[in-house]
Amino acid sequence: MTDSLQALYETVYAALVNASGVWGNRVYAEMAQTGAVRPYALFVYSGGGERNIRRRLSDPEYLLNIKVVAEERADAMTGAAQLAACLDDKGFTDVENGYLDHTDWWIVATELGQRIHITEMVDRAMPLYHQGATFRFVMEEKQS
Amino acid sequence: MTAGLNSNNWYLTIDGTDVSEWVVDLTLSPSIASQDITAGANSTDIARGEGLRDHSLDFTLAYTRSAQATILPLVEVGTHTFIIGIDGNTAGRPKHQQSMIIEGNPISMNVTKELMAFSISAVGAAAPVYNFASDTF
């Protein structure tokens with residue numbers, strides 16, 4: 001069975017690549033590659049682990065920081081809205097259709113949380129805009 | 001000294017359906033009433049005797065979409081047959097079987113997406129068929 005965090009990464013990656021966001025298909029886990037074309041989407045583990053409220057079932061809850069990195073503020077903010085549209089309230093128990101899914105895991109519920117709003121100065125004072133949010137993913141092992 | 005039990009290896013069936021995997025917590029509470037049997041004109045201390053015995057059961061049952069067809073009829077208010085193994089249902093482990101009345105089965109929801117679960121309260125409808133104090137699987 002796929003590791004739960006790996007499964008979540010796979011699911012989020014697939015959802016973002018297929019979302020037609022300002023990031024196109026430039027989606028990175030943990031760290032963008034050197035020289036990555038902007039804007040791009042980036043997601044990184046922020047916290048979480050097992051909830052242990054279901055007997056003998058793995059039931060993790062993870063927080064991921066997911067953001068769009070762009071050279072234009074408008075692109076970054078548009079991207080943040082697209083992230084929310086793509087990932088918020090997209091769990092199996094949130095919606096009847098179009099929920100995030102994985103072969104081995106239920107993505108039970110997803111939730112938009114704290115905002116990410118960072119302006120970084122790079123390359124001789126060029127501003128780089130990071131916009132996104134911390135998303136909560138409640139998961140549960142699928143039983144065979 | 002041996003280790004105390006720190007386990008969630010319980011066993012619970014309602015009307016013959018094993019619902020153990022959906023139980024979040026469970027409390028089986030035996031009780032007995034006491035009654036004043038003080039007699040005699042010169043009594044200085046109260047004497048009590050045993051009254052009627054009773055059992056109540058409180059448990060939380062996770063609501064799952066995939067199991068709703070199974071769970072909902074089983075937690076309907078009214079009389080059901082419960083078999084409870086506080087330490088599983090292996091031969092030799094304590095067994096409690098009793099007809100009980102589910103008096104309430106509220107389910108709570110909240111906007112922060114916590115686990116949806118029934119909080120079920122049941123009381124004995126008759127004497128236990130098996131009493132976990134003395135009977136085993």
Side-chain angles (χ1 to χ4, degrees), chain A residues 1 4 7-8 11-12 46-64 66 84-115 133-144, chain B residues 4-14 17-28 57-72 74-75 82-90 93-94 96 105-120 137:
Chain A
M1 191 175 80
S4 59
L8 180 59
T11 304
V12 169
S46 174
E50 283 293 321
R51 294 181 297 161
N52 284 324
I53 57 174
R54 293 297 310 280
R55 190 180 86 134
R56 296 176 188 168
L57 272 180
S58 180
D59 55 354
E61 177 177 324
Y62 289 117
L63 298 176
L64 297 187
I66 307 177
C86 176
L87 298 174
D88 187 25
D89 293 328
K90 289 293 186 293
F92 171 68
T93 59
D94 291 323
V95 289
E96 294 288 340
N97 300 299
Y99 51 83
L100 302 178
D101 198 16
H102 187 273
T103 309
D104 297 329
W105 294 85
W106 294 114
I107 310 295
V108 177
T110 73
E111 197 166 35
L112 182 65
Q114 292 290 311
R115 177 78 183 209
T134 301
F135 289 80
R136 182 167 74 104
F137 297 89
V138 178
M139 300 171 64
E140 200 166 282
E141 174 188 345
K142 283 184 178 176
Q143 291 173 293
S144 54
Chain B
L5 197 65
N6 282 253
S7 169
N8 59 6
N9 189 37
W10 54 62
Y11 175 76
L12 176 67
T13 69
I14 307 175
T17 301
D18 186 351
V19 298
S20 306
E21 69 169 288
W22 297 305
V23 174
V24 178
D25 58 58
L26 184 150
T27 305
L28 177 60
L57 178 66
D58 297 283
F59 61 101
T60 306
L61 202 62
Y63 175 88
T64 65
R65 185 170 289 169
S66 57
Q68 69 181 43
T70 303
I71 289 174
L72 292 176
L74 299 178
V75 299
F82 291 85
I83 299 176
I84 303 142
I86 58 176
D87 184 17
N89 63 338
T90 308
R93 299 286 164 79
H96 192 88
N105 63 354
I107 183 165
S108 301
M109 293 138 265
N110 64 57
V111 73
T112 56
K113 301 184 181 180
E114 300 297 326
L115 178 72
M116 286 173 61
F118 292 96
S119 299
I120 297 167
F137 284 96

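What you see is a predicted model, and the numbers here were worked out from it, not measured in a lab. Per chain, numbering begins at 1; letters A, B, ... match sequence-line order.
Counting heavy atoms from C-beta outward, B/Val23 and A/Arg55 have side chains that stay 4.5 Å or more apart. Between B/Glu114 and A/Ile53 the shortest side-chain heavy-atom distance does not fall below 4.5 Å. The side-chain heavy atoms of A/Asp94 and B/Lys113, taken from C-beta on, include a pair separated by under 4.5 Å.
Only the side chain of B/Thr64 has a heavy atom closer than 4.5 Å to any heavy atom of chain A. For A/Asn52, no part lies near chain B; criterion is any non-hydrogen pair under 4.5 Å. For B/Asp25, no part lies near chain A; criterion is any non-hydrogen pair under 4.5 Å.
Separation of atoms CD (A/Glu61) and CG (B/Leu115) is listed at 11.0 Å; rounding is to 0.5 Å.
Side chain to side chain, A/Arg54 and B/Asn8 fail the donor-acceptor criterion of an N or O pair below 3.5 Å.
Under a cut-off of 6.0 angstrom, the local environment of CD in A/Gln114 is sparse, with at most 12 non-hydrogen atoms contributed by other residues, nucleotides or ligands.
Taking chain B as the reference chain and counting heavy-atom pairs below 4.5 Å, the highest number among A/Thr110, A/Val108, A/Val138 is found for A/Thr110.
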